[in-house]
Amino acid sequence: MSAMSADDVAPAAPSGRLAFAWALGSVVVAVFLAVGVGLVVGLVMRALVTDAETDGWAGLAAVVVGVVVGVGAGVLAWVVGLVVAARRLFPRGRRLAVVLLTMAVTLVGSVVAVALLGMVGAGGAVTGGENQVGAIVVVAALAAGVYPWWARRVGRSVSHALDVRPAP
């Protein structure tokens with residue numbers, strides 16, 4: 001007989017509010033982390049390289065590297081947050097699907113939102129991409145709605161699995 005791990009025990013079906021809070025929290029943490037990491041990396045890069053040596057391009061390089069590293073850190077934090085939420089909320093065997101579905105909804109919604117912004121000619125004031133980044137963050141926040149839907153779905157399947165009727 002093998003010992004059961006904590007992952008083998010199915011948690012009770014989570015409430016929709018709790019599931020939404022966890023998924024939305026991962027988006028909020030990701031945004032703050034992305035901004036923080038991007039600023040720190042940009043400032044450190046700016047301090048390490050002076051403009052006099054690089055003919056004024058060091059500032060632009062610092063901003064670009066800060067943005068790329070910040071976005072990478074934010075996406076990684078978002079995915080880790082989704083995985084942690086799924087591990088806390090859903091039974092083993094039902095976690096990967098909700099994470100992948102949330103990511104797919106975010107990807108498709110982001111592509112549609114950015115395309116719509118391009119069709120109406122909405123550009124940002126500084127780089128032209130601020131509205132697109134904002135739209136992607138809003139879509140990711142809306143995609144957090146997959147988690148409460150999945151919680152209801154898992155709750156129904158758990159209740160059906162536990163529905164034991166006496167034999168006639």
Side-chain angles (χ1 to χ4, degrees), residues 7 14-90 92-151 153-154:
D7 282 345
S15 73
R17 287 183 185 168
L18 179 64
F20 185 71
W22 271 95
L24 186 61
S26 69
V27 173
V28 172
V29 168
V31 168
F32 281 112
L33 186 68
V35 170
V37 167
L39 284 173
V40 168
V41 168
L43 291 174
V44 168
M45 289 266 316
R46 183 86 169 114
L48 292 177
V49 181
T50 63
D51 278 335
E53 299 170 355
T54 60
D55 206 19
W57 289 97
L60 178 61
V63 170
V64 169
V65 171
V67 167
V68 169
V69 173
V71 167
V75 169
L76 182 63
W78 175 63
V79 172
V80 167
L82 291 177
V83 169
V84 168
R87 285 183 56 91
R88 289 188 54 93
L89 297 171
F90 304 112
R92 181 177 230 160
R94 307 219 179 191
R95 298 172 183 160
L96 180 62
V98 71
V99 173
L100 292 178
L101 184 59
T102 303
M103 291 169 59
V105 166
T106 302
L107 178 65
V108 170
S110 297
V111 168
V112 169
V114 169
L116 288 174
L117 286 173
M119 287 172 42
V120 298
V126 178
T127 66
E130 295 90 7
N131 290 342
Q132 286 85 356
V133 171
I136 292 169
V137 170
V138 168
V139 168
L142 292 174
V146 170
Y147 269 61
W149 172 78
W150 193 259
R153 185 177 180 278
V154 167

Distance col, row L142:CG vs L24:CG, nearest 0.5 angstrom, shows 9.0 Å

Here the pair of heavy atoms bringing A144 nearest to A23 is CB-CB, 3.6 Å

All heavy atoms of A113 vs all of A135, minimum pair found to be CB-CB, 4.0 Å

Rounded to the nearest 0.5 Å, the CG atom of L107 sits from the CG atom of L100 at a distance of 12.0 Å

Interatomic distance, CG@L43 vs CG@L48, rounded to 0.5 Å, equals 11.0 Å

**Asked** Got a donor-acceptor contact below 3.5 angstrom from the W150 side chain to the A86 backbone?
**Response** no

Separation between CE (M45) and CG (L60), nearest 0.5 Å, reads 10.0 Å

Scanning both residues in full, the closest heavy-atom pair of A151 with A19 reads CB-CB, 4.1 Å

Distance col, row W78:CH2 vs T102:OG1, nearest 0.5 angstrom, shows 7.0 Å

Value for OG1 (T106) from CG (L82), rounded to nearest 0.5 Å, stands at 7.5 Å

For V27 and A140, the nearest pair of non-hydrogen atoms, with its separation, is CG2-O, 3.7 Å

Nearest heavy-atom contact between V139 and V105 is CG1-O, 4.3 Å

Sequence neighbours excluded, the answer for side chain to side chain contact (heavy atoms under 4.5 Å, CB included) partners of V37 is L33, V41, V69, A73

Heavy-atom closest pair (F20 atom, P148 atom, distance to 0.1 Å) is CB-CG, 3.7 Å

For V84, the side chain to side chain contact (heavy atoms under 4.5 Å, CB included) test, sequence neighbours excluded, returns W22, V80, R88

Using the ring of each side chain (for Trp, its six-membered ring), is Y147 parallel, tilted or perpendicular to F90, with breaks at 30° and 60°?
-> tilted

